[in-house]
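Chain naming here is simple, since letters A, B, ... match the order of the sequence lines and numbering starts at 1 in each. Worth saying up front: this structure is predicted, and the values here are computed from it rather than measured.
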Amino acid sequence: MTNLPSNTTEANLVGEEPIVVERSTAPSTTLAPVDWIKQNLFSNVRNSIITLIVGALAAIAIYSGVRWIIGADFEIVRVNLRNFMIGQFPRDELWRPWASGLIIATTLGLVSGALAHNAYDTAQQMGVPAHRDSYPQLVRRFWPLIAVMIFFVSFARTVLPYIGLASVFVVVLLFREIGWRLPASFRSRVVYVGAILAVLSMLVIAGTSNLGGLAMGIIAAVWMASEVGRMTPLPGMAGTLRTFGLSALAFVIAYFVVALIPFDGFGWEDWGGIHISLFTMVIGITLGMPFGILLAIGRRSNLPVIKTASTIFIEFVRGVPLISLLLFSNLMLRNFFPLSFEIPADLTMAIIVITGFSAAYIAEIVRGGLQAVPKGQTEAAQASGMSPGKVQRLIVLPQALRAVIPAMVGQFISLFKDTSLLSIIGITEFLRVTDVANAQPAFSGKQLAPVTYLFVAIGYWAFAYTMSRESRRLETKLGIGVR
Amino acid sequence: MSEPAVVVNSDATEAGGTGKVMIEVAGMDKFFGDFQALHNINMKVGEREVVVVIGPSGSGKSTLIRTINRLERHDRGSIIVDGVELTDDIRNIQEIRRETGMVFQSFNLFPHLSVIDNITLAPRNVRNIPKAEAEATAMELLERVKIPDQARKFPGQMSGGQQQRVAIARTLAMKPKVILFDEPTSALDPEMIKEVLDTMKDLALEGMTMIVVTHEMGFAREVADRVVFMADGEIVEVGEPEHFFTNPQEERTKLFLSQIL
């Protein structure tokens, strides 16, 4: 048994779950439409009354909605489409957002293809029925997202956005195919490649900064550490030192390579639109998750200092509205920096606050998950001689995180919607663009706010609904709630 | 009864097996709050010896073996496993846990890992054994517990008996010097008890040092070198199985055996 695919454990730790539990739904007997209506909508007097009342209300809502939409003038959206998407980004540098978007499409395709194949392999080894999503199934799975992108682009006045969107779709599918066909040893490393590509996509827009170098360095160090771990480990201090040394080296090299690229890019002050909303959400999640997990573990710690500090942080942040924290970041946080220190951009400080905010909520969610892991799991791991850190990392946390996926995604969704609060510290995020557009001379005083709000609402809904659907899919896959 | 009267033997400090003492418990007390769970336990277990601990529920049997690998902290007295005394020092605790396997009543397999990952996790992470070698050993162990075809399954897909055999394989993968069994068959359906007991018998025949807390009197009778009867947190009577089951001396032992047999 030496030729076992090397990806199973890694795939588990990364989080793409191999268990594919195909829940057989009860066979739905097909009825003729008339019979179906009789059985389900008018089965008795009470049911009939409810059907009629709800039906009437729905009819009124649809009628007035449709009438309003037919009469509405969407010119304001057409004129401001670019503002809604990327805000005031310099017009002659538009290739940057497009290039960044295509890199992200590449990343999504590559990583999702590779992880899907890993999950498929694992399911097959277990003898669980598994299948690869066909293209129609992918479309059905992501229809809200696909629909809203087409909806956005349909307001474009030039042909370029159509070409751009089409190439995004093509790139995603192409790289999903490539990711699927990668050899198994490559597939288990594709997450690191994906992370590097994601940072790269940021660098294309924002240019090289110390932050970019830092991010690249961290990814390189983690990658190096996992590569050393994959090789025959040297027991004891020598192994630890080698892992640490190589990781530090990888970090330094990556940092300086990025820092040496002579390009300053466009700072965050140029950003805006849905781009900044999505960006803030992704950063809030990726930084808030590890921080939140540490806080959750800290709150259960035996060391009073760590326990108290974690508890105070969590309870303070959870007890305060996000708006007040954002205002605090804008008006007060700058006083905490030394005088010689360059005060960071508003968005930088807002991101710090949002990261801390989501970390506090994630910590409480994770704490619930940690408590749900049976004591016997810890005991079995301890009894085999594992160190307390490994017991947490390999046994308790994976199970705890798995159990709280639905709650976690719920938190992500509300974080996404909370990014609309960035407007109060003067950042032109997605929702704020409606005010900007309605203040333009061509549209001011024309009562067009409902049109723009409808447009924005559809945008928020599509992303939030997709997250919610994916969460439910994952839930089914993991068999949460069907123990 | 023409046999000579046998003196009641409650002294568990004569190690059997090869004579080399593997586990030595001396003057050990354990409290849960105000409740004293174990009273002055003195016991030695020899290398290659199989000691079966029986007694009514609440008598402290499980607590006794859980103190040996520090899942419970003992409050007084000393515990020495293969020459290492159990102290509050985490390194001592880890060293003893590495050499002491434990099989639980509720299996406690890791549900998020496949069978083979369950077995290789500790060897790879505690003993730093390379993955390929750990997996080869794991496959051998699965052969030994007679379920090599289940390597890629997850614990949730297996029967209780299979899970407990995986748990035994997981323990063996660390090549322990002693294995503690905490009521390994109590959570199993009757038809699965035999397959687990057979696995344990094989282990005993191969010379593994074992302490087994169980209600399976047939197993005790057939496999045990010594039977220890506990009640109310004390060791009441100790003896070879034959003597123990045919000619118990203490009233509490007689009462217990009459209830259970």
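Heavy atoms closer than 4.5 Å to chain A are found in the side chain of B:Asn69, but not in its backbone. At a 4.5 Å heavy-atom cutoff, B:Arg70 makes no contact with chain A through either its backbone or its side chain. Both the backbone and the side chain of B:Phe110 come within contact range of chain A, each with at least one heavy atom under 4.5 Å from a heavy atom of that chain. Using a 4.5 Å cut-off between heavy atoms, B:Thr100 contacts chain A through its backbone alone, with no side-chain atom that close.
For A:Arg469, there are no side-chain hydrogen bond (donor to acceptor under 3.5 Å, both in side chains) partners, not counting sequence neighbours. Take A:Tyr192 and apply the ring pair (Phe, Tyr, Trp, His ring centres under 6.0 Å) test, not counting sequence neighbours, and it matches A:Trp223.
With a 6.0 Å radius and a threshold of 12 heavy atoms from other residues, nucleotides or ligands, A:Phe186 has its CZ atom at or below the threshold. Within 6.0 Å of atom NZ in B:Lys175, 12 or fewer heavy atoms from other residues, nucleotides or ligands are found, so the atom counts as exposed in its surroundings. When the shell of 6.0 Å around CZ of A:Arg141 is examined, it contains more than 12 heavy atoms from other residues, nucleotides or ligands.
Heavy-atom pairs under 4.5 Å with chain A peak, among B:Arg98, B:Lys153, B:Gln157, at B:Gln157. The most heavy-atom pairs under 4.5 Å with chain A, out of B:Arg66, B:Gln150, B:Glu95, come from B:Arg66. Options B:Thr171, B:Val103, B:Leu109, B:Ile93 differ in how many heavy-atom pairs under 4.5 Å they form with chain A, and the most are formed by B:Leu109.
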Fill in: Pair A:Lys390-B:Leu121, side chain to side chain contact (heavy atoms under 4.5 Å, CB included): steps then yes or no
CA-CA 10 Å; A:Lys390 282 191 170 163; B:Leu121 189 74; over 6 Å; no
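Of all residues spanning residues 371-382 of chain A, those with a heavy atom less than 4.5 Å away from chain B's heavy atoms are A:Lys375, A:Gly376, A:Gln377, A:Glu379, A:Ala380, A:Ala381, A:Gln382, arranged by number.
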Identify all side-chain donor-acceptor contacts of residues 294-303 of chain A below 3.5 Å with residues at least two apart in sequence or on another chain.
unit_1	atom_1	unit_2	atom_2	d
A:Arg299	NH1	A:Glu315	OE2	3.0
A:Arg299	NH1	A:Glu364	OE2	2.8
A:Arg299	NH2	A:Glu315	OE2	3.1
A:Ser301	OG	A:Leu303	N	2.9

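For the atom pair OG (A:Ser384) and CG (B:Asn108), the distance works out to 11.5 Å, reported to the nearest 0.5 Å. In this structure, the separation between CG on A:Leu394 and NE2 on B:His112 is 7.0 Å, given to the nearest 0.5 Å.
Taking each heavy atom of A:Pro388 and B:Gln94 in turn, the nearest pair found is CD-NE2, 4.0 Å.
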